[in-house]
Amino acid sequence: MTTTETLSHGLFTRGEPVSAWTVATALPVTYEVRFTPRLLDPANPALGNAGGAGGRRLVVVEETVDRLYGGRIRRWFEARGLPYRLCVLPAHEQVKTMDSVYRVVEQMDRFGLARRGEPVLAVGGGVLMDVVGLACSLYRRSTPFVRIPTTLIGLVDAGVGAKTGVNFGDHKNRLGTYHPAVATLLDPAFLATLDRRHLGNGMAEILKIALVRDRRLFERLDRDGEALVAERFQGPTPGGEVLTRAVHGMLSELQPNLWEHRLERSMDYGHSFSPTVEMRALPELLHGEAVCLDMALTTVIAHRRGLLDTGQRDRIHRLMRRLGLPVWHPLIEPATLGDALTDTVRHRDGRQRFPLPIGIGDCCFVDDVTAAELAAAARETEELSCAAR
Ligand SMILES: NC(=O)c1ccc[n+]([C@@H]2O[C@H](COP(=O)([O-])OP(=O)(O)OC[C@H]3O[C@@H](n4cnc5c(N)ncnc54)[C@H](O)[C@@H]3O)[C@@H](O)[C@H]2O)c1
Ligand SMILES: O=C(CO)[C@@H](O)[C@H](O)[C@H](O)[C@H](O)COP(=O)(O)O
Ligand SMILES: [Co+2]
């Protein structure tokens, strides 16, 4: 058995007869998230430059978005004489499955996608982002893609992180990868056609960020949230600070722990019980609505623990209602919460690691929430919800 004295790159032996190797390397990842107004203006080159100019583009567009913007997208490419193919994909929670991923992979094969120089463009909401992202992370073991989010959740959350995924059986996001897009282009103009319910849905993920790390963002939501939803971020009420603070807050939390080696994650707030609740209610509840139910319950738990006062609890619930979001639902009950607790503990490697708000704008993590505490909090949340009607 030879003894290796020299250490080749990343391969370590210890000067003994070689029978075991340790391979260590780092995977450098850089990606850009940029506000890109007037994205579909043919004078704006961003759509074709993102991820590197040149080459053809496979453009995967969610079917509603194609109906609303597909003509402008086609005209953008044709005005510039750039070769492209547009693939229209139905993308909503009930088709967030591997079958949708395979549909994208089939289009990638038919297009004859080059491995590195032809990033796929994903244009749609969070479901489309997650499906196309997963297809790109699997295709030839990693294919670049560019995200163009068209919903509020997409703009501030699904479009800016590293996660891709689909549901499997009754389990939310059970299959997925960490595969950030090479670039995300944010154009709030897409919100002009987003319905009110989906705007409120996105506000829930912005409220998540505000409650655990950004009190000023909460103040902006409290002051302007209803008007921003009514105006779809296109009116006189200034929405730029809300969107910018939301994206900045998300990226500030994601960047240092992008692969989630640490499972105490403030961006998990609102996502301890919501995955189970969302999937059991499907298709009744949107993702953000389930997240809001989770936050309304955990706000009550935090209040019962003295982490925030009665005025703060009631102010948070009041804002949720003003944004058109639910504060309580029949699935917020002991059996469902118990099942959610069990699955979340598995997801967090054996501990609860529940983010709980401290006042408004900060959070801590706890591992000792009991079934009795959950049951009492669920009852109190229902009572508060009934009293507010
Ligand atoms: N990967 C992540 O980090 C991450 C983060 C947050 C949420 N998510 C996922 O995102 C999903 C929720 O995303 P979503 O709220 O965007 O839902 P969605 O993707 O289902 O889109 C919502 C609906 O809006 C329509 N739509 C999209 N853009 C439109 C526009 N500009 N105008 C009019 N209608 C438009 C679509 O047809 C769709 O029916 C969930 O599956 C959630 O798990 C992922
Ligand atoms: O919903 C998502 C991601 O899917 C985000 O809004 C959320 O903040 C976080 O990423 C949570 O960690 C939930 O993500 P997941 O691992 O359960 O998919
Ligand atoms: Co979420």
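In this text the structure is predicted, and so the values were computed from the model without any measurement. Counting starts at 1 for both ligands and their atoms, following the listed order. Below, all heavy atoms of this structure are taken into account, side chains as well, without hydrogens, waters or symmetry copies.
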Problem set entry | Atoms of ligand 1 close to Thr150 [distance to a heavy atom under 4.0 angstrom, numbered from 1] | 27 (C), 28 (N), 29 (C), 30 (C), 31 (N)
For this session: Please state which part of Asn201 comes within less than 4.0 Å of ligand 1, counting heavy atoms only: side chain, backbone, both or neither.
Result: side chain
For this session: Considering only non-hydrogen protein atoms, determine which one is nearest to atom 8 (O) of ligand 2 and report residue, atom name and distance to 0.1 Å.
Result: Met267 O, 2.5 Å
Exercise. Are Lys208 and Asp294 close enough for a salt bridge, meaning some N to O gap below 4.0 Å?
Worked result: no
Problem set entry | atom 39 (O) of ligand 1: the protein heavy-atom neighbour that sits closest, reported with distance to 0.1 Å | Glu62 OE2, 4.4 Å
Seminar exercise, completed: Here the atoms of ligand 1 under 4.0 Å from any heavy atom belonging to Val65 are 27 (C), 28 (N), 29 (C)
Exercise. Hey, which N, O or S atom on His287 ends up closest to the Co ion (ligand 3)?
Worked result: NE2
Exercise. Does the Glu231 side chain pair with the main chain of Thr237, one donor and one acceptor, at a distance under 3.5 Å?
Worked result: yes
Problem set entry | Taking atom 23 (C) of ligand 1 as the reference point, the nearest protein heavy atom with its distance | His198 NE2, 3.6 Å
For this session: Please identify which atoms of ligand 1 are closer than 4.0 Å to at least one heavy atom of Glu93.
Result: 40 (C), 41 (O)
For this session: Have a look at ligand 2 and work out which part of His271, if any, has a heavy atom under 4.0 Å from it: side chain, backbone, both or neither.
Result: side chain
Exercise. Does any N or O atom in Asn173 lie less than 3.5 angstrom from one in ligand 2, N or O only?
Worked result: yes
Exercise. Distance-only, no hydrogens or angles: does the Asp66 side chain make a donor-acceptor pair with backbone N or O of Val88 under 3.5 Å?
Worked result: no
For this session: Could you tell me whether some N/O pair between Gly124 and ligand 1 is separated by less than 3.5 angstrom?
Result: no
For this session: Please check if Val60 and Phe190 belong to a single hydrophobic cluster, counting links between Ile, Leu, Val, Met, Phe, Trp and Tyr side chain heavy atoms closer than 4.5 Å.
Result: no
Exercise. Does some non-hydrogen atom of His347 fall short of 4.0 Å from ligand 2?
Worked result: yes
Exercise. Quick one: nearest non-hydrogen protein atom to atom 18 (P) of ligand 1, plus distance?
Worked result: Val127 CG2, 4.0 Å
Exercise. For Glu205, what is the atom name of its N, O or S atom nearest to the Co ion (ligand 3)?
Worked result: OE2
Problem set entry | Protein heavy-atom partner closest to atom 32 (N) of ligand 1 - residue, atom, separation in Å | Thr193 OG1, 2.7 Å
Exercise. Is it the side chain (CB and beyond), the backbone, both or neither of Leu68 that lies under 4.0 Å from ligand 1, heavy atoms counted?
Worked result: side chain
For this session: Please write down residue, atom name and distance for the protein heavy atom closest to atom 10 (O) of ligand 1.
Result: Gly126 CA, 3.3 Å
Exercise. At under 4.0 Å between heavy atoms, which part of His287 makes contact with ligand 2: side chain, backbone, both or neither?
Worked result: side chain
For this session: Could you see which bit of Asp195 sits under 4.0 Å from ligand 1, with heavy atoms only: side chain, backbone, both or neither?
Result: neither
Exercise. Taking non-hydrogen atoms only, is Ile153 closer than 4.0 angstrom to ligand 1 via side chain, backbone, both or neither?
Worked result: side chain
Seminar exercise, completed: Closest to atom 1 (N) of ligand 1 among protein heavy atoms sits Asp130 OD1, 2.8 Å
For this session: Name the closest protein heavy atom to atom 3 (C) of ligand 2, giving the residue it belongs to and the distance to 0.1 Å.
Result: Lys163 CD, 4.2 Å
Exercise. Any N/O/S atom of Asp157 sitting less than 2.8 Å from the Co ion (ligand 3), backbone or side chain?
Worked result: no
Exercise. Phe77 vs Tyr84 aromatic rings, parallel, tilted or perpendicular, using cut-offs 30° and 60°?
Worked result: parallel
Problem set entry | ligand 1 to Lys163 polar contact by distance, N or O atoms, under 3.5 Å | yes
Problem set entry | Taking atom 35 (C) of ligand 1 as the reference point, the nearest protein heavy atom with its distance | Leu194 CD1, 3.6 Å
Exercise. Short question: side chain of Thr299, backbone of Met295 - any donor-acceptor pair under 3.5 Å?
Worked result: yes
Exercise. Which protein non-hydrogen atom lies closest to atom 5 (C) of ligand 1, naming both residue and atom, and how far is it?
Worked result: Asp157 OD1, 3.1 Å
For this session: With ring-ring contact (aromatic ring centres under 6.0 Å, His included) as the test, would you mind laying out the steps for Phe145 and Tyr31 before giving the verdict?
Result: CA-CA 11 Å; Phe145 76 121; Tyr31 67 95; 9.7 Å; no
Seminar exercise, completed: Contact region, Lys96 to ligand 1, non-hydrogen atoms below 4.0 Å, reads side chain
For this session: Pick one of side chain, backbone, both or neither for how Glu63 approaches ligand 1, counting any non-hydrogen atom pair under 4.0 Å.
Result: neither
